Structure formats: structure tokens, C-alpha cells
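Let me begin by presenting the structure, written as C-alpha cells, before commenting on it.
Values in this document were obtained by computation on a predicted structure and should not be read as measured data.
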Amino acid sequence: MKKIKIETALFVFENENQLPPQVSKLINSAKKARLDAHAPYSNFAVGAAILLDNDEVITGNNQENASYPSGLCAERTAIYYAGAKYPKANFLKIAIVAGSLKGKTSQPIPPCGACRQAIAEYEVRQKSPIEIYFMGTSGKVMKSNSLENLLPLIFDKSQL
């Protein structure tokens, strides 16, 4: 048996004031998108914003449904809209703001597994990394330079 060690590197900004202006603007777009989330069941609202290489910013928010599997996360709402509207554009950065509607969420909330897989599809397709910034409703912001840091053993088309 052989042991494989996987390491990952994430960066932590103590607050939004430390972010570069372009990222701060993207976080603000995600915050605004979060305000329109439809989350009556979980009371957990998420907003996402994607910066494309054509300078477009695409936003999305979670959309819940009484039939839980029928809902969609904010990240995938934005990802699939961006892919449909701008199929030739590359994703440069994704910002995610998530938290409870019942109180403050100060810990950074990363994308769920399904959203990580969706981001992986676009990172593999465009053959370049996508920066991912995520936070709660306040506090620290985490940055991953690539989806591979959040999902190191991705499943992609090469395995089909």
C-alpha cells in the first residue's frame, strides 16, 4: 500500500476591507444577490457572483422548493446561467456570501459538494483555474486559487 498526501492552500482575509477592489465589488454583488434568495425552508440564504473574462458579472441565489431536491444552490444558478448566456466566456472569479436569515454568520461558508463539482466542470473545460472567494454574512473571507484546493480528486470527463 502506498500513502498519498494531498495538501491544499487557502488564504484568509480578516475582513472585506483587505480585499482587492475588484473582489470587493464581486462580494458586494453576491451580497445583493443573496437578498433575493428564496429560502423559506432552511432560512439559509446564499448569493453568488461570477466575474467572466468578458467583464460581465453574473449573479445567482439559492432557490428552494418544498420538494427539496428540486431547489438549486446560488452557485449553480449563476454558473448555469453564465454558461448558457456566455458559453465562450471563461470564469475568472466566483464570490459566495452565505448565512442564516435568523442571525449573523461570521464563519466563511464554502460551496457544497454539488457546486464544487459544477465549478470543476468549468475549470476543466476552460483549462484554467477559477479563484473562489467565500464568506458568511460578515467577518473573514477565504480565497482558494482553484477549485482543486476544495475538491482535489475531481471527477471529470476524462473518467467517462
Side-chain angles (χ1 to χ4, degrees), residues 1-31 33-34 37 39 42 44-53 57-62 68-69 71-83 86-100 103-160:
M1 176 171 62
K2 179 181 177 182
K3 178 180 178 181
I4 298 173
K5 184 176 181 179
I6 298 173
E7 293 184 17
T8 190
L10 299 175
F11 302 90
V12 180
F13 297 88
E14 288 302 313
N15 57 55
E16 295 173 68
N17 296 331
Q18 294 182 340
L19 295 171
Q22 184 184 50
V23 175
S24 184
K25 185 177 175 185
L26 199 62
I27 287 282
N28 286 333
S29 293
K31 282 183 173 184
R34 181 180 174 273
S42 70
F44 191 82
V46 183
I50 301 172
L51 175 64
L52 302 176
D53 65 356
V57 173
I58 303 299
T59 61
N61 47 48
N62 56 317
Y68 292 128
L72 196 59
C73 297
E75 299 92 316
R76 286 181 286 148
T77 300
I79 288 166
Y80 297 146
Y81 182 75
Y86 301 103
K88 301 212 185 308
N90 285 344
F91 294 19
L92 300 178
K93 303 174 189 327
I94 299 175
I96 304 158
V97 178
S100 174
K104 190 167 112 175
T105 304
S106 57
Q107 73 181 52
I109 307 292
C112 74
C115 290
R116 291 176 198 205
Q117 184 62 40
I119 296 166
E121 182 74 17
Y122 283 83
E123 200 168 88
V124 168
R125 185 177 88 175
Q126 69 187 33
K127 296 182 179 99
S128 62
I130 300 168
E131 291 180 9
I132 304 166
Y133 296 83
F134 52 95
M135 66 179 294
T137 55
S138 64
K140 296 179 181 180
V141 179
M142 294 191 84
K143 174 193 177 190
S144 174
N145 284 334
S146 169
L147 185 274
E148 279 191 86
N149 291 320
L150 301 177
L151 188 65
L153 299 173
I154 66 169
F155 173 76
D156 67 22
K157 65 183 180 180
S158 69
Q159 290 136 348
L160 298 176

Task: Heavy-atom donor-acceptor pair, N61 side chain to A33 backbone, under 3.5 Å - done: yes

Task: Reported CD1-to-CG distance for the pair I132 and L150, which is rounded to 0.5 angstrom - done: 5.0 Å

- [ ] Working to the nearest 0.5 Å, report the span between CD1 of I58 and OG1 of T77.
- [x] 12.5 Å

- [ ] Can you measure from CD1 (I154) to CG (L147) and round to the nearest 0.5 angstrom?
- [x] 7.0 Å

- [ ] Only pairs at least two apart or in different chains count here, so list each side chain to side chain donor-acceptor pair (under 3.5 Å) that has a residue in residues 105-122.
- [x] none

Tell me which donor-acceptor pairs under 3.5 Å the side chains of residues 20-28 have, and how far apart each pair is, sequence neighbours excluded?
from, atom 1, to, atom 2, distance (Å)
N28, ND2, S24, O, 3.4

Task: Distance in Å, Q159 CD paired with D156 CG, rounded so as to fall on 0.5 Å steps - done: 5.0 Å

Open item on the list: Determine whether a donor-acceptor pair (N or O, by modelled atom type, separation under 3.5 Å) exists between the side chain of E75 and the backbone of I96.
Closed with: no

TODO: May I ask you to decide if L10's main-chain N or O and N149's side chain share a donor-acceptor pair within less than 3.5 Å?
DONE: no

Task: Greater than 12 external heavy atoms within 6.0 Å of Y81's OH - done: no

Task: Any donor-acceptor pair under 3.5 Å from N90 side chain to D53 backbone - done: no

Open item on the list: Does atom CD (E7) have a neighbourhood of more than 12 heavy atoms from anything else shown, all under 6.0 Å?
Closed with: no

